[in-house]
Enquirer: 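After the structure tokens below, expect a handful of questions from me.
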Amino acid sequence: MYLRRGVLVVAACTSLDTLFPDSQDKKSPFQGIYIEENLKQWDEKICREFIASRLQASWLTPVAQPVNFTEAEIAGLIAESGGYPQKLMQLCYQTYAGYIN
């Protein structure tokens, strides 16, 4: 007998209890099954490592010259995102799109 273990990740800006509130006639699908993990803000080192790794990713749209963000852009992205991963990803995407468009 083989036991398979599944992993479900739900990313949200709101707690699971708020997203799936229990009511008198039905329970949340997550009640008592999943563990909620609150992600912390990234520090500057992790933000910089993230940006550097993404600029070297093989799945990026090929361009004639490799895209490199300036130090001012990187510092601005980190400051504006506040270290929040989702916000940093969005800002990096927008900055990268500016280079290739």
Side-chain angles (χ1 to χ4, degrees):
M1 173 193 241
Y2 292 97
L3 180 63
R4 289 199 144 174
R5 181 188 257 184
V7 176
L8 172 66
V9 176
V10 176
C13 298
T14 308
S15 75
L16 294 177
D17 289 337
T18 303
L19 287 175
F20 300 101
D22 292 343
S23 67
Q24 292 181 5
D25 56 335
K26 62 181 177 178
K27 283 191 165 193
S28 162
F30 298 111
Q31 182 68 33
I33 298 174
Y34 298 104
I35 299 169
E36 185 170 295
E37 180 69 32
N38 293 315
L39 299 178
K40 306 290 185 230
Q41 293 166 271
W42 289 348
D43 62 22
E44 182 176 347
K45 180 178 185 256
I46 293 173
C47 289
R48 288 179 176 279
E49 290 171 354
F50 171 80
I51 293 168
S53 71
R54 290 305 187 261
L55 287 174
Q56 298 171 3
S58 61
W59 43 261
L60 289 174
T61 303
V63 291
Q65 294 289 333
V67 173
N68 290 304
F69 294 170
T70 66
E71 177 57 33
E73 286 172 322
I74 293 170
L77 292 167
I78 294 168
E80 189 175 345
S81 72
Y84 289 101
Q86 181 182 13
K87 183 69 174 173
L88 181 62
M89 290 175 207
Q90 291 170 337
L91 293 169
C92 287
Y93 176 81
Q94 293 166 358
T95 303
Y96 186 80
Y99 275 93
I100 63 171
N101 292 331

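Everything numeric here is computed off the predicted structure, so don't read it as measured data.
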Enquirer: Roughly how far, to the nearest 0.5 Å, is the CD atom of Q90 from the CD atom of Q94?
Expert: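 Interatomic distance, Q94 CD to Q90 CD, rounded to 0.5 Å: 7.0 Å.
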
Enquirer: Please determine whether residues Y93 and I78 belong to a single hydrophobic cluster, defined as Ile, Leu, Val, Met, Phe, Trp and Tyr linked transitively by side-chain heavy-atom distances below 4.5 Å.
Expert: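 No; tracing contacts between hydrophobic side chains, which count when under 4.5 Å, never links both residues.
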
Enquirer: Under a 4.5 Å cut-off applied to non-hydrogen side-chain atoms, are Y96 and L55 in contact?
Expert: yes

Enquirer: With a 4.5 Å heavy-atom cut-off, do Y84 and M89 have their side chains touching?
Expert: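 No; the side chains remain at least 4.5 Å from each other.
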
Enquirer: How long is the gap from NZ on K40 to CD1 on I46, to the nearest 0.5 Å?
Expert: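 K40 NZ to I46 CD1: 13.0 Å, rounded to 0.5 Å.
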
Enquirer: Between I51 and C92, is any pair of side-chain heavy atoms under 4.5 Å apart?
Expert: yes

Enquirer: Once you measure the plane-to-plane angle for W42 and F50, does it fall in the parallel (<30°), tilted (30-60°) or perpendicular (>60°) bin?
Expert: tilted

Enquirer: Search all heavy atoms of G83 against all heavy atoms of C47 and return the closest pair with its distance.
Expert: CA-SG, 4.1 Å

Enquirer: Could you measure the distance from the CZ atom of R48 to the CG atom of L88? Nearest 0.5 Å is fine.
Expert: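 If I round to the nearest 0.5 Å, the distance is 11.0 Å.
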
Enquirer: Within this structure, what is the CD1-CG distance for the pair I74 and L91, rounded to the nearest 0.5 Å?
Expert: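 The CD1 atom of I74 sits 13.0 Å away from the CG atom of L91.
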
Enquirer: Quick one: does Q41's side chain have a donor or acceptor within less than 3.5 Å of a partner on G82's backbone?
Expert: yes

